[in-house]
Trainee: 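Starting off with a structure, shown below.
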Amino acid sequence: MLRMSTLFLRTLRDDPADAEVASHRLLVRAGYVRRIAAGIYSWLPLGYITLRNIERVIREEMDGAGFQEVHFPALLPVDAYEQTNRVAEYGPNLFKLKDRKGGDYLLAPTHEEMFTLMVKSEYSSYKDLPLSIYQIQTKYRDEARPRSGIIRGREFVMKDSYSFDLTDEGLDESYNKHRDAYIKTFDRLGMRYNIVKAMSGAMGGSRSEEFLAPCPTGEDTYVLCEKCGYAANVEAMVTIVPEVGTKVIPALQVIDTPNTPTIDSLVTVLNERFGGGYTGADTLKNVLLVADKKNIAVLVPGDREVDIKRLQANLPGVEDIRLFEDADFAKNPGLVKGYVGPQDAKKFGLTVYADPRIALGTGWISGANKKDCHAINVVNGRDFEVDAYIESAEVRAGDACPDCGTPVVIDRAIEIGHIFQLGRKYAEALNLTVLDSDGKSRVVTMGSYGIGVSRAVAAIAEQTHDGIGLCWPAEIAPAKVHIVATGKDENPFNVAENIAVELEKLGLSVMLDDRRDASPGVKFKDAELIGIPIIVVVGKALAEGNVEVRIRRTGERLDVRLADAAGEIAKLIS
RNA sequence: CGGGGCGUAGCGUAGUGGCUAGCGCGCCUGCUUUGGGAGCAGGAGACCGGAGGUUCGAAUCCUCUCGCCCCGACCA
């Protein structure tokens with residue numbers, strides 16, 4: 001039983017000045033966490049209980065699916081991470097340190113290497129597979145910018161699992177088992193979430209899905225088709241290739257378009273000259289970028305921006321992308337800022353990437369590679385060539401769903417889980433092989449499955465809080481019932497104590513506000529801030545032989561006969 | 001790393017060269033109060049982020065530095 005009279009807790013009346021998002025503000029105010037440094041937090045009793053409740057649910061579901069828990073050190077020698085090139089990949093995001101002998105260590109940002117090496121050192125036969133093991137561990141990433149309190153820290157708790165299979169079919173099966181276990185887990189945690197197609201990113205691999213908890217403070221943007229259920233991270237959103245008309249487009253013609261370095265100014269001039277009807281979508285935007293020191297052109301419809309994140313996600317292997325700067329234009333005098341067209345790309349040594357909307361045979365208005373001049377009737381395949389079609393244009397609400405064509409909606413979310421098929425990258429790098437039934441050595445294929453445990457505390461707080469405080473789902477609340485005793489004589493305190501004991505006998509955890517020196521108002525405010533789902537007030541209603549039961553989420557209040565209070569409360573929870 | 005903002009008691013804050021750094025919450029003591037963050041009285045608590053400088057005098061001005069928050073870049 002948690003007794004408020006002795007609980008290590010101090011709630012704050014004012015919002016902390018350094019907290020912006022709701023979860024951060026309320027978790028600090030309600031005494032769940034305290035900041036130690038940027039992105040590094042201490043967990044106080046209420047917060048730690050909540051965190052462990054989430055861990056418990058995760059463990060139950062992982063164990064239930066037949067996965068086994070292990071525990072690796074957070075402090076590791078760098079060797080293995082060098083073999084897989086992770087030290088370079090993580091770069092400054094890696095917390096590095098030296099031991100007294102000068103040996104290089106790191107605080108692990110993730111543990112693929114350890115899992116792989118562990119399996120390698122223990123197993124060597126296909127008969128040992130499939131295998132899925134997991135851990136719940138503190139991870140360290142020296143983020144360039146920690147933000148939003150617990151949501152994005154430099155130290156955080158993560159559950160990570162890895163599956164090991166001989167075949168691709170086996171990997172699919174392991175992946176699906178994890179997917180099912182995640183669905184059960186997040187359902188129990190009382191979260192709203194979408195399972196969304198994602199890019200597997202630099203890790204390689206094929207299938208990849210994210211579990212996203214919709215919430216305005218989230219950092220991820222995703223699209224959702226409300227008709228067919230298609231959901232994808234914007235990076236993974238697929239664009240429908242438009243039908244190309246059969247009309248013959250006249251020959252390319254260069255026209256004078258003075259002072260039209262922007263799409264808007266160009267459209268204005270076109271409409272003046274040709275009597276209207278032109279929009280940005282008729283023009284071709286040629287965005288020049290430098291990708292790992294190579295010049296590239298990205299073609300998108302003029303009414304859209306290039307989404308550099310999407311572009312990068314769809315250009316695997318490219319590490320650094322930036323827009324052309326004045327210095328780059330100076331080095332390439334044929335490329336006229338504001339008047340670039342793809343017609344002479346070869347001549348300029350540009351690799352041309354195009355949004356799928358720039359389909360073969362479509363005609364456009366583009367820059368003429370000459371100051372104050374544009375070209376009309378510029379046809380893809382006739383007047384210019386595209387080296388590759390890739391998703392690179394910004395995604396907008398209302399874009400067509402690739403599965404059913406319905407306009408999609410766009411929403412923001414917090415990434416709380418990510419499952420993906422790693423394939424053989426780590427197994428190859430670390431030489432994890434087993435003998436198959438023919439006695440031949442085969443590289444194992446792996447899957448990787450993460451849940452942000454500490455982040456889930458914040459995500460749930462974001463999704464469930466209201467104007468007066470936190471509001472936990474029963475499964476993870478620091479207690480199931482919060483009993484408030486009010487009044488100045490002994491009786492309500494004794495009654496509250498008795499109900500608490502009875503509830504605990506029924507298996508329900510209880511927080512008891514047995515403070516003698518706090519006024520009722522303070523106790524109510526604290527109870528609402530702390531966010532335990534059922535609040536029982538023992539006080540005035542005693543005169544009629546009742547206690548008052550309040551549902552935190554709905555604000556609903558009902559009187560319950562004292563005699564069967566515990567039983568009634570227990571019913572409310574189940 | 002670029003842009004912006006901020007560092008004064010546990011928390012929220014006032015204080016733009018002047019004398020003992022002010023207020024609210026919280027904390028301690030006493031009395032009163034007890035269904036919506038109680039009242040009165042008394043009290044403790046601040047190297048004004050740090051270093052250096054200007055000045056008769058610096059929380060206040062200057063330089064450097066450290067930290068924190070927000071936007072962007074970045075982010076298994």
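Order of the sequence lines fixes the chain letters, A, B, ..., with proteins taken first and strands second; residue numbering starts at 1 for each chain. Excluded from the calculations below are hydrogen atoms, water molecules and symmetry mates; all remaining heavy atoms, backbone and side chain alike, are included.
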Trainee: So which nucleotide from B:C11, B:G72, B:C69 ends up closest to the side chain of A:L12?
Mentor: B:C11
Trainee: Quote, to the nearest angstrom, the P distance that separates B:U8 from B:C68.
Mentor: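 The same atom, P, in both gives a distance of 14 Å.
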Trainee: Take atom P in B:U65 and the same atom in B:C70, then report the distance between them in whole Å.
Mentor: 24 Å
Trainee: Hey, are A:D514 and A:K523 close enough for a salt bridge, meaning a charged N less than 4.0 Å from a carboxylate O?
Mentor: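 Salt bridge: no.
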Trainee: Tell me the partner of B:C61, counting only Watson-Crick (N1-N3 plus N6-O4 or O6-N4) or G-U wobble (N1-O2 and O6-N3) with both under 3.5 Å; none if nothing fits.
Mentor: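 Partner of B:C61: B:G53.
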Trainee: Measuring only the C1' atom in each nucleotide, how far is B:G45 from B:G67? A whole number of Å is fine.
Mentor: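 It works out to 23 Å between them.
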Trainee: Answer with yes or no whether A:R557 presents, from its side chain, a donor or acceptor under 3.5 Å of a partner atom in the base of B:G36.
Mentor: yes
Trainee: Tell me what A:A17 touches on the nucleic acid: a base, only sugar-phosphate, or nothing, going by heavy atoms under 4.0 Å.
Mentor: sugar-phosphate
Trainee: B:U55 and B:C47: how far apart are their P atoms, nearest whole angstrom?
Mentor: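 Result for the P pair: 28 Å, nearest Å.
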Trainee: Watson-Crick or G-U wobble partner for B:C23, using a 3.5 Å limit on both distances?
Mentor: B:G12
Trainee: Per the side-chain contact (heavy atoms from CB on, under 4.5 Å) rule, which among A:Q421, A:M446, A:R424 passes with A:L171?
Mentor: A:Q421
Trainee: So which atom in A:M62 and which in A:A181 form the shortest heavy-atom distance, rounded to 0.1 Å?
Mentor: CE-CB, 4.0 Å
Trainee: Between B:G35, B:C27, B:C69, which nucleotide gets closest to the side-chain atoms of A:D18?
Mentor: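 Closest of the options to the side chain of A:D18: B:C69.
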Trainee: Do the side chains of A:R552 and A:E528 get close enough for a salt bridge, i.e. N-O under 4.0 angstrom?
Mentor: no
Trainee: Please state how far atom CG in A:L529 lies from atom C1' in B:G36, giving the value in whole angstrom units.
Mentor: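 It works out to 14 Å between those atoms.
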Trainee: Under 4.0 Å, counting only non-hydrogen atoms across every strand here, what does A:R550 touch: a base, just sugar-phosphate, or nothing?
Mentor: base
Trainee: Which nucleotide, in any strand shown, forms a Watson-Crick or G-U wobble pair with B:G2, with both distances under 3.5 Å?
Mentor: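 Pairing partner, where one exists within any strand: B:C71.
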Trainee: Mind checking who B:G7 pairs with, Watson-Crick or G-U wobble, both distances under 3.5 Å?
Mentor: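 For B:G7, the partner nucleotide comes out as B:C66, under the 3.5 Å rule.
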Trainee: At under 4.0 Å between heavy atoms, what does A:V28 touch on the DNA or RNA strands: base, sugar-phosphate, or nothing?
Mentor: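 Result for A:V28 = nothing.
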Trainee: Indicate, with a heavy-atom threshold strictly under 4.0 Å, whether A:D526 touches base, sugar-phosphate, or nothing.
Mentor: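 Base contact - A:D526 has a heavy atom under 4.0 Å of at least one base atom.
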Trainee: Provide the Watson-Crick or G-U wobble partner of B:A44, both distances under 3.5 Å; none if there is no partner.
Mentor: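 Base-paired to nothing in any strand shown.
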Trainee: First locate atom CG of A:L51, then atom OH of A:Y41, and finally report the distance between them rounded to the nearest 0.5 Å.
Mentor: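 Taking CG in A:L51 and OH in A:Y41, the distance rounds to 14.5 Å.
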Trainee: What is the separation between atom CG on A:D15 and atom P on B:G26, rounded to the nearest whole Å?
Mentor: 16 Å
Trainee: Choosing from B:G35, B:C74, B:C68, which nucleotide comes nearest the side chain of A:R147?
Mentor: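 Of the candidates, B:C74 comes closest.
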Trainee: Using Watson-Crick or G-U wobble geometry with both distances below 3.5 Å, tell me the partner of B:G36, or none.
Mentor: none
Trainee: Identify which nucleotide among B:G35, B:C69, B:C74 has an atom closest to any side-chain atom of A:Q312, counting heavy atoms from C-beta outward.
Mentor: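 Taking heavy atoms from C-beta onward, the closest nucleotide is B:C74.
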Trainee: Give A:T11 one of three labels, base, sugar-phosphate or nothing, depending on what nucleic acid heavy atoms sit under 4.0 Å from its own.
Mentor: base
Trainee: Atom CD1 of A:I40 to atom P of B:G67: distance rounded to whole Å?
Mentor: 12 Å
Trainee: If you go through the side-chain atoms of A:R29, does one of them form a donor-acceptor pair with the base of B:G10 closer than 3.5 Å?
Mentor: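 Checked by distance alone, the answer is no.
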Trainee: Looking for any heavy atom pair under 4.0 Å, which part of the strands does A:A541 touch: base, sugar-phosphate only, or nothing?
Mentor: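 A:A541: base contact, heavy atoms under 4.0 Å.
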Trainee: Would you mind telling me which residue lines up with the more 5' stretch of RNA chain B, A:V522 or A:P146, judged by nearest nucleotide?
Mentor: A:V522
Trainee: So, A:T445 and A:D165: side-chain donor and acceptor under 3.5 Å apart, yes or no?
Mentor: no
Trainee: With heavy atoms under 4.0 Å as the rule, sort A:S148 into base, sugar-phosphate or nothing.
Mentor: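 Sugar-phosphate only.
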Trainee: Using atom C1' in both nucleotides, what's the gap between B:A59 and B:C6 to the nearest angstrom?
Mentor: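 Here B:A59 and B:C6 have their C1' atoms 15 Å from each other.
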Trainee: Assign A:A37 to base, sugar-phosphate, or nothing according to its heavy-atom contacts below 4.0 angstrom with the strands shown.
Mentor: sugar-phosphate
Trainee: It should be established whether A:R145 places a side-chain nitrogen or oxygen under 4.0 Å from OP1 or OP2 of nucleotide B:C71.
Mentor: yes
Trainee: Which one, B:C69, B:G36, B:C74, comes nearest to the side chain of A:F524?
Mentor: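 Nucleotide nearest to A:F524's side chain: B:G36.
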Trainee: What nucleotide among B:A73, B:G24, B:A38 has an atom nearest to a side-chain atom of A:D14?
Mentor: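 The answer is B:G24.
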Trainee: For atom C1', what is the distance between B:G26 and B:U13, given to the nearest Å?
Mentor: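 Comparing C1' positions in B:G26 and B:U13 gives a spacing of 14 Å.
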Trainee: When the distance from NZ of A:K525 to P of B:C25 is rounded to whole Å, what number comes out?
Mentor: 16 Å
Trainee: Please report the distance separating the C1' of B:G53 from the corresponding atom of B:G17, rounded so that it comes out in whole Å.
Mentor: 15 Å
Trainee: In whole angstrom, what separates A:R10's CZ from B:C27's C1'?
Mentor: 8 Å
Trainee: For A:E528, report the nucleic acid contact type (base, sugar-phosphate, nothing); a contact means any heavy atom under 4.0 Å.
Mentor: base
Trainee: Is A:F329 atom CZ crowded by more than 12 heavy atoms from other residues, nucleotides or ligands, each under 6.0 Å away?
Mentor: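 More than 12 heavy atoms, drawn from other residues, nucleotides or ligands, come within 6.0 Å of this atom.
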Trainee: Can you check the distance between B:A58 and B:G18, where both ends of the measurement are the C1' atom (answer in whole Å)?
Mentor: 10 Å
Trainee: So, are A:D14 and A:R29 salt-bridged, with charged N and O less than 4.0 Å apart?
Mentor: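 Here A:D14 does not pair with A:R29 in a salt bridge, since their nearest N and O are not under 4.0 Å apart.
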Trainee: Is A:E219 touching bases, backbone alone, or none of the nucleic acid, heavy atoms closer than 4.0 Å?
Mentor: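 Nothing, no heavy atom under 4.0 Å.
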Trainee: Verify the contact: side-chain N or O of A:S519 to OP1 or OP2 of B:U34, cut-off strictly under 4.0 Å; return yes or no.
Mentor: no
